[in-house]
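What follows is a single structure, written as structure tokens, with notes after it.
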Amino acid sequence: AHDIRFALALLDGELQAATPGAEAAYASADPSLVRELSFGTGRLVVGLGSGAGFVAGLDLVRAGGGGAVLQGLYGGATMAGGGLALLIVPPLTDATSWRAPYASGLALALVGAILALAVRGVRPVGRTRRGVLGDARLLPLGALQVASFGLAVIAGNWIVPLLEREGATTAVAGALGSFVLLAGIVTRPLGGALANRWPGLRRGLVGGSLIAVSAGALVLAAGGPLWLSALGSLALGLAAGLPFAVVFEAAQRLRPDAP
């Protein structure tokens, strides 16, 4: 509800600035429809921006000659923000306001944009007119990424309220829930290092991690004692990070002409 009200306020300002009659049109609109539109639009913008920024950052790593380990380090660093948010935001929101995470996120995004615009002389790795969405060879790799990293992100969205329902305080739920994302900081570069050291074990590494991810998700969904849910959160987070470097390196081998 807090998220919806915030997005609704943003949409309200945009509508009023867009046309002189927008205020009257907004006032007569179905409130539930406006809430859904504002919420969906906000999520879409954040998702598109995050996805594009993630791919661009990985392309920079490749432009610098980074292999599986450095790609894993980059991937692990991208998990830090989400994990720290689960750890910090719940108690911060209780102590301040629901607006605090949005304000801090906006400030960090602006700092990142300034730093990115200041970069000069970066050699682009892939430039092609051939699209990648229609390349069927990439579909299995995309499915693996969704089943590992995607599941960790989904779990990160609902794990705090889930643990709160099991009796944990907001601060404790945030701390335990952060395992889902923070654990990937360790296992993403570790997965790249293992793949480099034993290339023949890549399939087994990915398969084993998917089994562990499923087991961790099952423990969380089943409920039970708080310590068991914490263990499931940790197992899911650790296992989800292992296939990252393997999957992205395989995609880059298939399409070296594209970012």
Side-chain angles (χ1 to χ4, degrees), residues 47-83 116 122-157 179-218 234-259:
L48 290 174
S50 300
F54 182 85
V55 173
L58 198 61
D59 205 33
L60 286 174
V61 175
R62 186 161 57 135
V69 177
L70 288 180
Q71 290 176 6
L73 286 172
Y74 166 77
T78 63
M79 303 295 285
V122 177
R123 178 179 60 88
V125 175
R127 282 187 176 179
T128 177
R129 295 185 180 275
R130 289 195 304 138
V132 296
L133 295 180
D135 193 335
R137 299 175 301 168
L138 298 175
L139 294 179
L141 297 175
L144 289 174
Q145 177 70 352
V146 170
S148 54
F149 172 64
L151 183 57
V153 172
I154 292 171
N157 284 327
F179 291 160
V180 171
L181 300 179
L182 288 179
I185 297 176
V186 176
T187 53
R188 284 190 168 192
L190 176 61
L194 292 175
N196 279 348
R197 181 66 178 84
W198 294 286
L201 298 180
R202 293 188 176 200
R203 289 179 180 270
L205 177 67
V206 173
S209 68
L210 292 179
I211 293 173
V213 165
S214 301
L218 181 61
L234 181 62
L236 194 160
L238 288 171
L242 288 173
F244 176 85
V246 175
V247 169
F248 276 91
E249 191 179 37
Q252 290 168 356
R253 283 200 306 269
L254 287 174
R255 290 298 302 272
D257 60 325

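Here, residue 1 is the first one in the sequence, and each next residue gets the next number. Because only heavy atoms are used, hydrogens play no part in the values below, and waters and symmetry mates are left out as well, while side chains stay in.
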What do the steps show when you test Leu151 against Gln145 for side-chain contact (heavy atoms from CB on, under 4.5 Å), and what is the final call?
CA-CA 9 Å; Leu151 183 57; Gln145 177 70 352; over 6 Å; no
Residue pair [X] / [Y]: nearest heavy atoms and the distance that separates them:
{"X": "Arg188", "Y": "Ala245", "answer": "O-CB, 4.2 Å"}
{"X": "Val180", "Y": "Ala152", "answer": "CG1-O, 3.1 Å"}
{"X": "Gly237", "Y": "Ala183", "answer": "C-CB, 3.5 Å"}

List in chain and number order the residues that pass side-chain contact (heavy atoms from CB on, under 4.5 Å) with [X], two or more places apart in sequence or in another chain; answer none if no residue qualifies.
{"X": "Ala212", "result": "Ala239"}
{"X": "Val186", "result": "none"}
{"X": "Leu205", "result": "Leu194, Leu242, Val246"}
{"X": "Ala250", "result": "Leu141, Arg253"}

Rounded to the nearest 0.5 Å, how far apart are CG of Leu236 and CZ of Phe179?
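That separation rounds to 13.0 Å.
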Measuring from Ile185:CD1 to Leu238:CG, what's the distance to the nearest 0.5 Å?
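Answer rounded to 0.5 Å: 11.0 Å.
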